Amino acid sequence: MGGMEGGMGMELWALVPELTLAGLVLLLLPLGPFLPPHRKYMATWLALAGLVVVAGESLRMLTFATQPIFLDTYAVDQYAVYFKLFAVAATAFVLLATQSHFRGRPHEGEVPALLLLVCLGIMGLAASQDLALIALFIQLVTVGSYILVGIAKESRPATEAAFKMFLFSATVGAVMIYGMVFLFGLTGTLRLPELASKLPAMPVVTTLAAFLLVLAGYGFEVTLVPFHTWAPDTYQGAPTPISGFLSVGPKAAGLAVLLRTLVVAFPRNLGHWAELVAVLAAVTMTVGNIFALRQNSVKRLLAYSSIAQVGYILVGVAAAERSALAVPGMLLYLAIYLFMNLGAFLAVDAVERQMKSDDISQFVGLGRRLPVTAAVLAICLLSLAGFPPFGGFIGKTYLFGAALAAGWTWLAVVMLVNVAISLFYYVRVLEPMYLRPSPEKVLQKEPRALRFVLIVLGIGTLVSGVLPQEWVVLVTHASSLLAAVVPH
């Protein structure tokens, strides 16, 4: 793109999606509370229209030349565009689902603006190449998230969930910023490319200590063990569509910035981060799956399941400099994860709205009583478990291949064992849905918008497994940013 070659004015064109989203937030924040109760739904549709515009602007950026802008602090590349589109898709799905969830409640008008605020933070994190910017966008994502968690002020579980998330995020955020200051003290810079040229001259132990401090903040976003303890309580107490959003949007942002930080600022396995992340991946998937076995609340079960899923995705991060399958595998699994994990949470939301509970006992006979929701939930759970022909199987195959190509046979074995463990708790949800009769009557159909989103997510989960070629082309293109630092 020839017009991108110089000048601050031209660099602003690379921020058009973010600036559009910021303008929408500034419009909706004061507008939402003042809309009359019977017009508050307009905030949702205005937000959705804005997201369509942002998606179009992001797609146009695929033709831009890969380059740093704003003094090397922000990146224009296909990797960032991929996560911008991911954030837009996740936000749009949840906006449609929340329209009926919050209808008639006093905070209905504020939810779209807060979702867009978190979306803006996710987009910024995906492209940031400066530790100060990264800290800013992490706080933007986190603050927006815990306001969304606690926005149903009349719900005590939601208020407690938001308070726990706030306390934990404040603690790990302080540790992360201390680590960033540590890196600045060592090198005199906060920019990731400059860190790469200065950190090799520093003692390995010091470099690793600074990285571990920064990892606390990243680990909070992605629910990396041992920074995961807030997630089960928060997901269980939050409104279910918000729990689903937290399980995909902020996690994707955390993984995006983690991978960029590692391969740009700590190249060639500086500080032996690859082995460290591989061990953390194994621990995270194991802890998530083992704790999920004991849960009776389906939302809490999905919370631990999402922690385990992050463990699988981290295999791609760990092997990023060792295998050509790693980064495309991570991006592919994230795209499929968006469909299957969000689909599972929104299916639980459809059940919880009518049964007033997410206990597994409420899912008895769901295949007959709420057939569309039950079918989508079954597809999503089978995909999360790694069954063919669903997308989860393709994604896990890529990551398994990346572990083997990196020379980590032990990690591939841990993956297989964890996939086997996860079958037990996914079947615990599926078995009563279809194999136990229920004497209770058929439930009401899902609200139209929620039904539409569920069908789209179910089809996406299925198509990504049956026809994965287009997804593979997309993620291979998106991973091209790493061509200079990752051997292919």
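All values derive from a computational prediction rather than experimental measurement.
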Answer yes or no: is there a donor N or O on one side and an acceptor on the other, between the side chain of Ser305 and the main chain of Leu301, under 3.5 Å? no
**Request:** Please check if the side chain of Ser383 supplies one atom and the backbone of Gly392 the other of a donor-acceptor pair under 3.5 Å.
**Result:** yes
Between the NZ atom in Lys198 and the OG1 atom in Thr189, the distance rounded to the nearest 0.5 Å is 5.5 Å
Exactly one of Tyr337, Tyr333, Tyr304 clears side chain to side chain donor-acceptor pair (under 3.5 Å) with Gln309, and that residue is Tyr333
Handout entry: Electrostatic pair Arg260-Asp77, nearest N-O below 4.0 angstrom
Key = yes
Exercise. Between Thr234 and Lys164, do the side chains contain an N or O donor and an N or O acceptor separated by less than 3.5 Å?
Worked result: no
CD (Gln295) and CG (Asp359) are apart, to the nearest 0.5 Å, by 11.0 Å
- Task: Can you establish whether the number of heavy atoms outside Tyr74 located under 6.0 Å from its atom OH is more than 12?
- Result: yes
task: Please tell me if the side chains of Val298 and Ile360 come closer than 4.5 Å, counting only heavy atoms from C-beta onward.
output: yes
Nearest heavy-atom contact between Leu95 and Thr98 is O-OG1, 3.0 Å
- List the steps and the verdict of salt bridge (charged side-chain N to carboxylate O under 4.0 Å, His left out) for Arg191 and Asp72. CA-CA 7 Å; Arg191 299 173 190 172; Asp72 220 9; over 6 Å; no
Between Ala303 and Pro232, the two heavy atoms sitting closest are CB-CA, 3.8 Å
When Leu117, Leu120, Leu125 are each screened for side-chain contact (heavy atoms from CB on, under 4.5 Å) with Val141, the one that passes is Leu125
In this structure, OG1 of Thr207 is separated from CG of Leu199 (nearest 0.5 Å) by 5.0 Å
message: Any salt bridge linking Glu18 with Lys84? Criterion: basic side-chain nitrogen under 4.0 Å from a carboxylate oxygen.
response: yes
Would you tell me whether Thr240 and Lys299 have side-chain atoms, one donor and one acceptor, within less than 3.5 Å of each other? yes
* Between Val118 and Leu148, does a side-chain contact (heavy atoms from CB on, under 4.5 Å) hold up when you go through it step by step? -> CA-CA 10 Å; Val118 177; Leu148 283 167; 4.1 Å; yes
**Report entry** Asn289 and Tyr425 side chains, donor-acceptor separation under 3.5 Å
**Finding:** yes
**Asked** Can you find a pair of side-chain heavy atoms, one from Leu27 and one from Leu116, that are under 4.5 Å apart?
**Response** no
Does the side chain of Trp408 reach to within under 4.5 Å of the side chain of Arg322, using non-hydrogen atoms?
yes
**Q.** Donor-acceptor under 3.5 Å (Tyr79 side chain, Ala127 main chain)
**A.** no
Report yes if the side chains of Arg353 and Asp349 come closer than 4.5 Å at any heavy-atom pair, otherwise no. yes
In Leu192, Leu131, Ile134, Leu133, the residue satisfying side-chain contact (heavy atoms from CB on, under 4.5 Å) with Thr73 is Leu133
Practice prompt. May I have the step-by-step check of side-chain contact (heavy atoms from CB on, under 4.5 Å) for Met285 and Val414, ending in yes or no?
Written response: CA-CA 9 Å; Met285 67 178 79; Val414 171; 4.0 Å; yes
Stepwise side-chain contact (heavy atoms from CB on, under 4.5 Å) check, Val453 with Val94: CA-CA 8 Å; Val453 173; Val94 175; over 6 Å; no
Verify whether one side chain among Asn341 and Ser306 offers a donor that lies under 3.5 Å from an acceptor in the other. no
I'd like to check Pro17 versus Met61 (side-chain heavy atoms, cut-off strictly below 4.5 Å). Are they in contact? yes
Does Tyr426, at its OH atom, have more than 12 non-hydrogen atoms belonging to other residues, nucleotides or ligands within less than 6.0 Å?
yes
Handout entry: Flag side-chain contact, heavy atom, 4.5 Å: Phe245 against Phe345
Key = no
Give a yes-or-no answer on whether the side chains of Ser169 and Gln139 include a donor-acceptor pair shorter than 3.5 Å. no
Backbone N/O of Leu255 and side chain of Tyr218: donor-acceptor pair under 3.5 Å
no
**Audit row: Glu221, Thr142, side-chain contact (heavy atoms from CB on, under 4.5 Å) steps and yes/no** = CA-CA 8 Å; Glu221 293 296 334; Thr142 304; 2.7 Å; yes
**OP:** Say whether, by atom type as modelled, one donor and one acceptor occur between the side chain of Arg428 and the main chain of Leu293 under 3.5 angstrom.
**Re:** yes
*Do any N or O atoms from the side chain of Thr284 and from the backbone of Ala281 form a donor-acceptor pair under 3.5 angstrom?*
no
All heavy atoms of Ser247 vs all of Gly244, minimum pair found to be OG-O, 2.7 Å
Side-chain touch Tyr235/Trp230, heavy atoms, less than 4.5 angstrom: yes
Rounded to the nearest 0.5 Å, the CD1 atom of Ile151 sits from the CD atom of Glu110 at a distance of 5.5 Å
Minimal heavy-atom distance between Phe339 and Gly460, with the atoms involved, is CD2-CA, 3.8 Å
Taken to the nearest 0.5 Å, the spacing of Leu46 CG from Leu24 CG works out to 6.0 Å
Are side-chain N/O atoms of Glu352 and Ser357 paired as donor and acceptor at under 3.5 Å?
no
- Query: Within the distance-only criterion (no hydrogens, no angle test), does the side chain of Ser323 pair as donor or acceptor with the backbone N or O of Ala319 below 3.5 angstrom?
  - Reply: no
| message | I want to check something: taking the side chain as every heavy atom from C-beta on, are Lys251 and Val310 in contact at a cut-off of under 4.5 Å? | response | yes
Q. For the ring pair Phe266 and Phe211, is the centre-to-centre distance below 6.0 Å?
A. yes
Which is it for Thr187 and Glu194 under the side-chain hydrogen bond (donor to acceptor under 3.5 Å, both in side chains) test, yes or no, and what are the steps along the way? CA-CA 8 Å; Thr187 62; Glu194 293 180 12; over 6 Å; no
TODO: May I ask you to check whether over 12 heavy atoms, not counting those of Phe291, lie within 6.0 Å of atom CZ?
DONE: no
query = Does any N or O in the side chain of Gln78 come within less than 3.5 Å of the main-chain N or O of Leu62, such that one atom is a donor and the other an acceptor?
reply = yes
When every non-hydrogen atom of Met176 is compared with those of Val214, the smallest separation belongs to CG-O, 3.7 Å
Are any side-chain N or O atoms of Thr171 and backbone N or O atoms of Leu167, one a donor and one an acceptor, separated by less than 3.5 Å? yes
> Is it true that Arg300 and Asp233 have a side-chain N and a carboxylate O under 4.0 angstrom from each other?
Replying inline: yes
Rounded to the nearest 0.5 angstrom, the CG-CG distance for Leu302 and Leu342 is 11.0 Å
